[in-house]
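Worksheet: the structure to be examined is printed underneath.
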Amino acid sequence: MKQNRDVNRWIPGRSMIILLGCMILWCVLIIRLFQLQIIDYEYYQNKVIGNVQRMTTLKAERGEIYDSDMNKLASNYTVYRIFISPRDIADDAAAATISQGLSDILDVDYDKIYSLTQKKHRADETVKKNATEEEADEVRRFILEHNYTLQIHLEANSARYYPYSSLAANVIGVVGTDAGLTGLEYQYNSFLVGESGKYITSKDALGGQMPSKYDTYIDASNGANLVTTIDVTIQKALEKQLKQTYLDSDPLNRVTGIVMDVNTGAVLAMATYPTFNLNSPFTLDEDSLLKLSESGYDPASAEYASYRTELLYTLWRNKAVSELYEPGSTFKIITTAMGLEEGLVTLDENFYCSGSLRVEGYPQPIHCHRTSGHRSVTFEVGLQQSCNPVLMTLGLRIGQKTFYKYFEAFGYTSRTGIDLPGEAGSIYSSFTDFGNVSLAVYSFGQTFKVTPIQHLTALSAVANGGYLLTPYVVEQMIDDDGNILMQHESTPKLQVISTDVCQTIAGVLERGVSGNGGAKNAYVAGYKIAAKTGTSEVRDQADPDGNFSYRVGSCAAYAPADDPQIAAIIVVDTPMIANKYGSIVAAPYISNLMEEILPHIGIERNYTEAELQRVKTTLHNYVGWPTADALATAGNRGLTYEVRGDGDIITYQVPARGESIMKSEGKVIFYTGTATPISDRKVPDVVGRTVSAANRILTNNGFNVIIDGATNSSTAEAYVVSQSIAPGTLATEATVVTITVRYLDGTAN
């Protein structure tokens, strides 16, 4: 009984201990659950979601870039990221099969893929980033064949593609892995990229796909599309001329050019040569590769890599916007505008040029490019002949305060604000340092530096009636449905000079081109071109002998002179040929450019009587025609012809179909019956002769002559600089020989 009483006495104690233990365990459990479900909720939720959900990013399409006629300049195409989920690969056998299969399809190293399969904690390891559509199809077949739907995945992405390769490369720019690096691709990157979407799929505990109601889909929003002011036809024409002047003048520091709508500020074309291929932007051009190979650096050295990067960045840099130069005599247009606006000079006022002018504060006389002097000339002739003393005299009349006021008003002390990255700021004297010497040399465009876009913007103000505009490249931003998201509005900053002064200057410049001015090589038959050439010194780069002999040759023009629509500039930086003047290295290419683009924008030719005598005509194909019909048709077209043989059918013609001859002087020879042309005439050497002498020699030898280059009403003679058929070549009678001619006088300083 006592034992039972002792046991009964301990039962309540044991019960309390057990109860207390249960309560402690319960509290621990509650605390643990609180930690798991409340404190660490997000952590474990994400772990669970990571095990039951897979999120695929739906990348937005980068906005496309168009020219003004909606031709695509930058577009996209689909590539695929092929990736694997190592944690879903069951064993080494599956890892080996996957590695071998993907290696064969994607041309990726087997060992590399196999090492990725061993990262068992990972759900996303990229095997190939930019697989093609064909490779993606092969991967899909491989997945279905082996039932690897959980192990191998594809993600569609967009890659950039440029239909015109290198066209407008410095304007369009380069795209890197995640964003634009240069050009419009950089400037408008935030608008182009769009917003990515998401596709989240769920799976059950066995890894199977759960019903679609558990999926989440957030659509991607594509980037905005850019409609630019670039005109592909004008851009091609500009780039063709830049390449040709580069080949002809061999400049050290590239060439650049711009074509602008003077009434809106729209950039119709902008280019630099040499350039690069947008579809392989990290590849150097031939000239850069040659410089790299001649550098002497070991290809494995850091210096070699650094120099290669420097050359690449130079190719990418938009010279028209990001590099400075002294504008030289093309700036005389601006000085003239100041003087006429202030009433300080008239076109028929006489000046005297002895070849130099002394300016107070400078120990030596400042020379004219014609060191013997222009002697007594009117202001109009002085401007057309690019006389430095005439313009210095006017500059000193204008005075420091007024000159500087206009210099600022024309935009030379601030950036233009063009919607392209990397615009450089000009280099000029502050007003406190702007004395008489600065005033004198500024008047003919030296000792200050501007960008080509800055200078052409100012010259366009002279062309359009005096209104300074902001140049721009993007006209609109639109969405994929064509809705306008942004529209550019061209608003003049201010009117710098009067319309009457602008019209006066246009007349002076046009008469300098069609007459005996320094810009004669910019002449285009049938069009009124206002142009000015310039040649400036390079003061910050010595030649190998330590002399400062380098020059920049340029030409600026606008047309039609009586109703300007477009302006253009070509700048040739440090030409290495003997004649470095802008009238030689730039003006002829401005002429070629204007001749091609003026008809394109709807400006019709208006020939003078003298020009009509030099009009070319393109020949039809008369071979196979009845002789009588061919002669009648040729006669109706005003062609001069001769017939060889007595057959009834034309069997051969010289020149051939598609060739051109001078309508007034050219001749066609028709062969009939058994008559055939014979190559028995030796082509004479006419290079270096005047155009009139060359024309006479070739014509007397029985050849047709086509003159390529300026042949205006100037009293000066143009000279032949090249001929299309090498001297001494045997050719048939009436063969066309094209001679390229240039005016070699009237060069501009």
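Side-chain atoms are counted along with the backbone in the values below, which use heavy atoms only and exclude waters and symmetry mates.
- Under 4.0 Å is where a charged nitrogen must lie from a carboxylate oxygen, and between Lys240 and Glu596 at least one such pair does.
- For the 3.5 Å distance criterion, the side chains of Arg254 and Tyr273 fail to qualify, holding no donor opposite an acceptor.
- Between the side chains of Gln503 and Thr499, no donor-acceptor pair of N or O atoms lies under 3.5 Å.
- For residues 448-458, the pairs satisfying salt bridge (Lys or Arg N to Asp or Glu O under 4.0 Å) are Lys449-Asp540, with sequence neighbours left out.
- In summary, the aromatic rings of Phe448 and Phe331 are positioned with their centroids under 6.0 Å apart.
- Taking the six-membered ring where tryptophan is involved, the planes of Phe407 and Phe403 are essentially parallel, since the angle between them stays under 30° and well short of 60°.
- Between the side chains of Asp248 and Gln244, a donor-acceptor pair is found at a separation under 3.5 Å.
- A salt bridge is absent between Arg317 and Glu423: the closest approach of a Lys/Arg side-chain nitrogen to an acidic carboxylate oxygen does not fall below 4.0 angstrom.
- Partners of Glu380 by side-chain hydrogen bond (donor to acceptor under 3.5 Å, both in side chains), not counting sequence neighbours, listed by chain and number: Gln384, Arg511.
- Between the SG atom in Cys368 and the CD atom in Gln385 there is a gap of 9.5 Å [rounded to 0.5 Å].
- Legend: residues meeting side-chain contact (heavy atoms from CB on, under 4.5 Å) with Tyr362, ordered by chain and number and at least two apart, are Gln364, Ile366, Val437.
- Counting only residues at least two apart or on different chains, the salt bridge (Lys or Arg N to Asp or Glu O under 4.0 Å) pairs with a member in residues 572-591 are Lys319-Asp573.
- Remark: Ser430 pairs with Thr432, Asp433 by the side-chain contact (heavy atoms from CB on, under 4.5 Å) rule, at least two apart or across chains.
- Considering only heavy atoms from C-beta on, Tyr581 comes within 4.5 Å of Thr535 through its side chain.
- Remark: Thr229 OG1 to Leu268 CG distance equals 6.0 Å, nearest 0.5 Å.
- Between Ile739 atom CD1 and Asn695 atom CG the span is 6.0 Å, to the nearest 0.5 Å.
- Residues that satisfy the side-chain hydrogen bond (donor to acceptor under 3.5 Å, both in side chains) test with Thr574, not counting sequence neighbours, are Asn253.
- Atoms NE2 and OG, on His369 and Ser583 in that order, are 9.0 Å from each other to the nearest 0.5 Å.
- Shown are Lys243, Gln235, Lys236; of these, the side chain to side chain contact (heavy atoms under 4.5 Å, CB included) with Glu239 is made only by Gln235.
- A side chain to side chain contact (heavy atoms under 4.5 Å, CB included) with Leu347 holds for exactly one of Val381, Val508, Thr336; it is Val508.
- From Glu341, atom CD reaches atom OH of Tyr406 across 4.5 Å, with rounding to the nearest 0.5 Å.
- Relative to the ring axis of Tyr743, Lys520 places its NZ or CZ within 45° and under 6.0 Å from the centre.
- Checking each of Val720, Thr740, Val691 against Ile707 for a side chain to side chain contact (heavy atoms under 4.5 Å, CB included) leaves exactly one that passes, namely Val691.
- For the residue pair Glu408 / Tyr428, no side-chain donor-acceptor distance below 3.5 Å is found, with atom types taken as modelled.
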